[in-house]
J.: 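Below you'll find the structure I mean.
Heads up: numbering here begins at 1 and tracks the sequence.
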Amino acid sequence: MSKITIFDTTLRDGEQSPGATMSTAEKLRLAHQLDKLGVDVIEAGFPVASDDDFEGVRSIVKEIRRPVIAALARAHPLDVDRAGAAVEAADKPRIHVFLATSDIHLKHKLEIGREECLERVVEGVERAKKLVDDVEFSPEDATRTDVAFLCQVVQVAVEAGATTINIPDTVGYTLPTEYRALIETLFRDVEGLEHTVVSVHCHDDLGVAVANSLAALEAGARQVECTINGIGERAGNASLEEVVMALRIRKDLTRHHTDINTTELYKASQLLSHITGIYPQPNKAIVGRNAFAHEAGIHQHGMLKERMTYEIMTPELVGAPGTQLVLGKHSGRHGLRNRYKELGYDLSDEELDQAYKLFTLVADQKKSILDEDLLVILHHGAMKDAPESFRLVELDVNCGGKWSTARVKVSHHDEPPREASAKGDGPIAAAFSAIDELIEGTVEIIDFEIVAATPGRDAIGEVNLHARIGGRTFAGRGASTDVVHAAARAYVNAINKAELAKALEGVKMEKESSLGGPT
Ligand code: KIV
Ligand code: ZN
């Protein structure tokens, strides 16, 4: 049985997913969960991209010591040095150098020939090697690169000292048999490759990223790059939970294992969804809402007699909660703390205070509180990502006619709350306009989404929005059984993040776009 290294790139490739931008505090929260999950490598960011990215990697390095912490860099001295600086304090630092190698990329993006490409690979890897021992190299768009040239590229990267060679299917173009054959060819034709770890990195444009990753393992690859919920550029990356569970459930066939604590998978998926506002589709394998739901009578009958009739794994194995009814209006703090413990969250007294406050509000609106409600409460209330400089104290709306009106009361720090009213062509627009009266500056909504975060008529509505404030984009999230309240909270949440960013504003580093960014 071989151990497969799980390289999580949720914080880097995943964050490149449209709308998945995370603040440093959010990245840190997710990194702690990845640590609990037991991933071997966390790719924490692309430090040269911005000061925020650099700081994001640094803060993860400071707090997370067990896994390898990798930082991405183009094969360019500035990138490599910046990545090196970001991970220098890590116990196990890695620099991940990449350079495109397909003729399409060389010609149209980099405007260089193959010879120069080879030189840059060597320079990039050697420079990284001077900073850290653990250097990974990726020939970007490997699966559309001429195979003989790819072998040459990998050969020089190995000779320059790369310890991991990653073969990215950057545009999700390959298919399992072809990808497997490519890895076999590399093992056959590149001298010394067997002394490195061969890694795979698959995008899901044709819906076969996980299948491709598993096929490559059959050819001898021993590291899989993947993301929670499969988020990532375009159609996303190979989904971590699917790769891990395929290896676990079919170890009879694959003969591989990982060090992942599978009971933390569902929690990781939930946390990411709540942070980004991007939820997996209900029928998503392993972590979708319906992954363990049995609807057909014949299936339910079979399940009641013997779970194995229709379940190849239990929800408990991936940490998915059952949907039993748990708490209600009369439950106390003790009961709440216990239930969170059972769900795997050990709340501090302060977190419990905040969760309990929200819990009582929700319990006033709903007869029974489901585990899913508790997760929404936790992610929206108890674990705040920005201090509540502005706080929505009251909101009343009147709607139904041509115009809706809203009256809000908002407090700012310790000042007494102020009140404003406004009208709009709907209750949410009216509430936003009333809040605008009480803050400085303008807020422009870029996108806005309402989802039912829990099942049933009295579901908790969750609002995710992106707003442009002071020239930057901030995600705002809010939840309530009343969607107008949820929207107003999301709006104020984005404003609070902008306040926090203003307070933390540092020197901005220019993006070096001329060299092209990673996919
Ligand atoms: O898809 C890709 O090619 C990448 C590389 C930077 C590894 O994300
Ligand atoms: Zn990628």
Side-chain angles (χ1 to χ4, degrees), residues 2 4-5 7 41 43 68 70 72-77 79-80 83-84 94-107 109-171 173-174 177-202 212-213 215-225 515-516 518-519:
S2 312
I4 302 302
T5 297
F7 176 116
V41 186
E43 186 164 51
V68 171
L72 185 70
R74 289 165 295 192
H76 184 270
D79 279 45
V80 173
R94 175 180 296 187
I95 298 178
H96 178 187
V97 180
F98 77 98
L99 183 69
T101 52
S102 66
D103 287 335
I104 298 181
H105 279 239
L106 293 185
K107 182 167 172 213
K109 187 176 85 174
L110 299 176
E111 297 178 9
I112 60 172
R114 288 185 179 184
E115 273 313 306
E116 189 171 345
C117 173
L118 289 170
E119 280 162 24
R120 285 201 195 173
V121 171
V122 174
E123 275 166 23
V125 172
E126 283 182 346
R127 193 167 183 108
K129 203 68 193 173
K130 288 200 182 106
L131 303 174
V132 293
D133 289 334
D134 185 349
V135 174
E136 173 167 333
F137 176 73
S138 288
E140 190 189 10
D141 205 16
T143 53
R144 291 193 302 168
T145 299
D146 170 65
V147 177
F149 181 58
L150 183 65
C151 290
Q152 255 182 296
V153 168
V154 171
Q155 187 69 61
V156 298
V158 170
E159 283 163 14
T163 40
T164 297
I165 295 289
N166 182 42
I167 305 298
D169 183 26
T170 303
V171 290
Y173 176 70
T174 197
T177 44
E178 181 185 58
Y179 197 45
R180 183 194 158 131
L182 178 64
I183 304 293
E184 280 168 354
T185 302
L186 287 165
F187 270 117
R188 194 191 60 217
D189 292 353
V190 177
E191 231 173 276
L193 189 60
E194 68 280 11
H195 303 307
T196 70
V197 174
V198 171
S199 166
V200 290
H201 176 115
C202 298
N212 284 340
S213 307
L217 297 183
E218 289 175 16
R222 289 293 174 263
Q223 172 177 287
V224 179
E225 303 196 354
L515 287 155
T519 49

J.: Considering only heavy atoms from C-beta outward, does the side chain of I167 approach that of V154 to under 4.5 Å?
T.: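 Touching, per the 4.5 Å side-chain cut-off.
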J.: State whether R127 and E123 are salt-bridged, where the test is any N-O pair (Lys NZ or Arg NE/NH1/NH2 against Asp/Glu carboxylate O) under 4.0 Å.
T.: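 Here R127 does not pair with E123 in a salt bridge, since their nearest N and O are not under 4.0 Å apart.
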J.: Calculate, to the nearest 0.5 Å, the distance between atoms CD1 and CD belonging to I112 and E119 respectively.
T.: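 If I round to the nearest 0.5 Å, the distance is 9.0 Å.
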J.: How long is the gap from CG on D79 to CG on L72, to the nearest 0.5 Å?
T.: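 Here the rounded value is 8.0 Å.
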J.: Between the side chains of S138 and H201, is a donor N or O closer than 3.5 angstrom to an acceptor N or O?
T.: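 The answer is no; no qualifying pair exists.
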J.: Run the numbers on H96 and F7 for side chain to side chain contact (heavy atoms under 4.5 Å, CB included), then give the verdict.
T.: CA-CA 12 Å; H96 178 187; F7 176 116; 4.0 Å; yes
J.: Which value, rounded to the nearest 0.5 Å, describes the distance between I165 atom CD1 and H195 atom NE2?
T.: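 The distance works out to 13.0 Å.
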J.: Looking at A100 and L106, what are the two nearest heavy atoms and their distance?
T.: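 Minimum heavy-atom separation between A100 and L106: O-CD2, 3.4 Å.
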J.: May I ask you to test the V158-F137 pair for a side-chain heavy-atom distance under 4.5 Å?
T.: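 Answer no - side chains too far apart.
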J.: Check T185 against C151 and note the closest heavy-atom contact, atom names and distance.
T.: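 For T185 versus C151, the nearest heavy atoms are CG2-SG, 4.4 Å.
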J.: Where do V121 and A157 come nearest, in terms of heavy atoms and distance?
T.: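 The answer is CG1-CB, 3.9 Å.
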J.: Find out whether Y179 and C202 are in side-chain contact, i.e. whether some heavy atom of one side chain is under 4.5 Å from a heavy atom of the other.
T.: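 Side-chain contact under 4.5 Å: yes.
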J.: Determine whether more than 12 heavy atoms belonging to other residues, nucleotides or ligands lie under 6.0 Å from atom CD of E194.
T.: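 Correct, the count exceeds 12.
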J.: With side chains defined as the heavy atoms from C-beta onward, is the minimum distance between V153 and T145 less than 4.5 Å?
T.: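 A side-chain contact is absent here, since even the closest heavy-atom pair is not under 4.5 Å.
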J.: Mark yes or no for whether K107, through its side chain, and E111, through its backbone, hold a donor-acceptor pair below 3.5 Å.
T.: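 Checked: no pair found.
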J.: Per the salt bridge (Lys or Arg N to Asp or Glu O under 4.0 Å) rule, what does the pair list look like for residues 146-157, sequence neighbours excluded?
T.: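 Checked against salt bridge (Lys or Arg N to Asp or Glu O under 4.0 Å) - neighbours excluded - the pairs reaching residues 146-157 are R114-D146.
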J.: Can you measure from CZ (F187) to CG (L193) and round to the nearest 0.5 angstrom?
T.: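 One gets 5.0 Å once the value is rounded to the nearest 0.5 Å.
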J.: Side chains of R94 and V41: closer than 4.5 Å at any heavy-atom pair?
T.: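 Yes. Closest side-chain heavy atoms under 4.5 Å.
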J.: Looking at every non-hydrogen atom in both residues, tell me the closest pair between A128 and V97 and how far apart they are.
T.: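 In this case the closest contact between A128 and V97 is CB-CG2, 3.8 Å.
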J.: For salt bridge (charged side-chain N to carboxylate O under 4.0 Å, His left out), just list the numbers for E184 and R188, CA-CA rounded to whole Å, side-chain angles, deciding distance to a tenth of an Å, and then say yes or no.
T.: CA-CA 6 Å; E184 280 168 354; R188 194 191 60 217; over 6 Å; no
J.: Identify the residue among I4, D169, V224 that makes a side-chain contact (heavy atoms from CB on, under 4.5 Å) with S213.
T.: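 With S213 as partner, I4, D169, V224 yield a single side-chain contact (heavy atoms from CB on, under 4.5 Å), made by V224.
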J.: Strictly by modelled atom types, are T143 and T174 linked by a side-chain donor-acceptor pair under 3.5 Å?
T.: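 No, no side-chain donor-acceptor pair sits under 3.5 Å.
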J.: Calculate, to the nearest 0.5 Å, the distance between atoms CG and CZ belonging to L110 and R74 respectively.
T.: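 Taking CG in L110 and CZ in R74, the distance rounds to 10.0 Å.
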J.: Provide the closest heavy-atom pair for A221 versus V200 in the form atom of the first, atom of the second, distance.
T.: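 The pair with the smallest heavy-atom distance is CB-CG1, 3.9 Å.
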J.: Determine the minimum heavy-atom distance between I183 and A216, stating which atoms define it.
T.: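 Residues I183 and A216, closest heavy atoms: CG1-CB, 4.0 Å.
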J.: side-chain hydrogen bond (donor to acceptor under 3.5 Å, both in side chains), that's the test. Do E140 and T101 meet it? Break it down for me.
T.: CA-CA 6 Å; E140 190 189 10; T101 52; over 6 Å; no
J.: Assess whether side chain to side chain contact (heavy atoms under 4.5 Å, CB included) is satisfied between L150 and L182, documenting all intermediate values.
T.: CA-CA 10 Å; L150 183 65; L182 178 64; 3.9 Å; yes
J.: State, yes or no, whether a side-chain contact exists between R144 and D141 at a heavy-atom distance under 4.5 Å.
T.: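 Side-chain contact under 4.5 Å: yes.
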J.: Is there a side-chain contact between L118 and V156, using heavy atoms and a 4.5 Å cut-off?
T.: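 When only atoms from C-beta onward are counted, V156 and L118 do touch, with a gap below 4.5 Å.
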J.: For Y173, does the OH atom sit with more than 12 other heavy atoms under 6.0 Å from it, leaving out its own atoms?
T.: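 Open.
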J.: Can you tell me how far CZ of R222 sits from CG of L217, rounded to the nearest 0.5 angstrom?
T.: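 Reported to 0.5 Å precision, the distance equals 6.5 Å.
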J.: Please tell me if the side chains of C117 and F149 come closer than 4.5 Å, counting only heavy atoms from C-beta onward.
T.: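 The answer is yes; the side chains approach within 4.5 Å.
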J.: Passes side chain to side chain contact (heavy atoms under 4.5 Å, CB included), E136 versus I95? Steps please.
T.: CA-CA 6 Å; E136 173 167 333; I95 298 178; over 6 Å; no
J.: If we count only N and O atoms by modelled type, under 3.5 Å, do the side chains of Q223 and N166 hold a donor and an acceptor together?
T.: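 Q223 vs N166: no donor-acceptor pair found between side chains.
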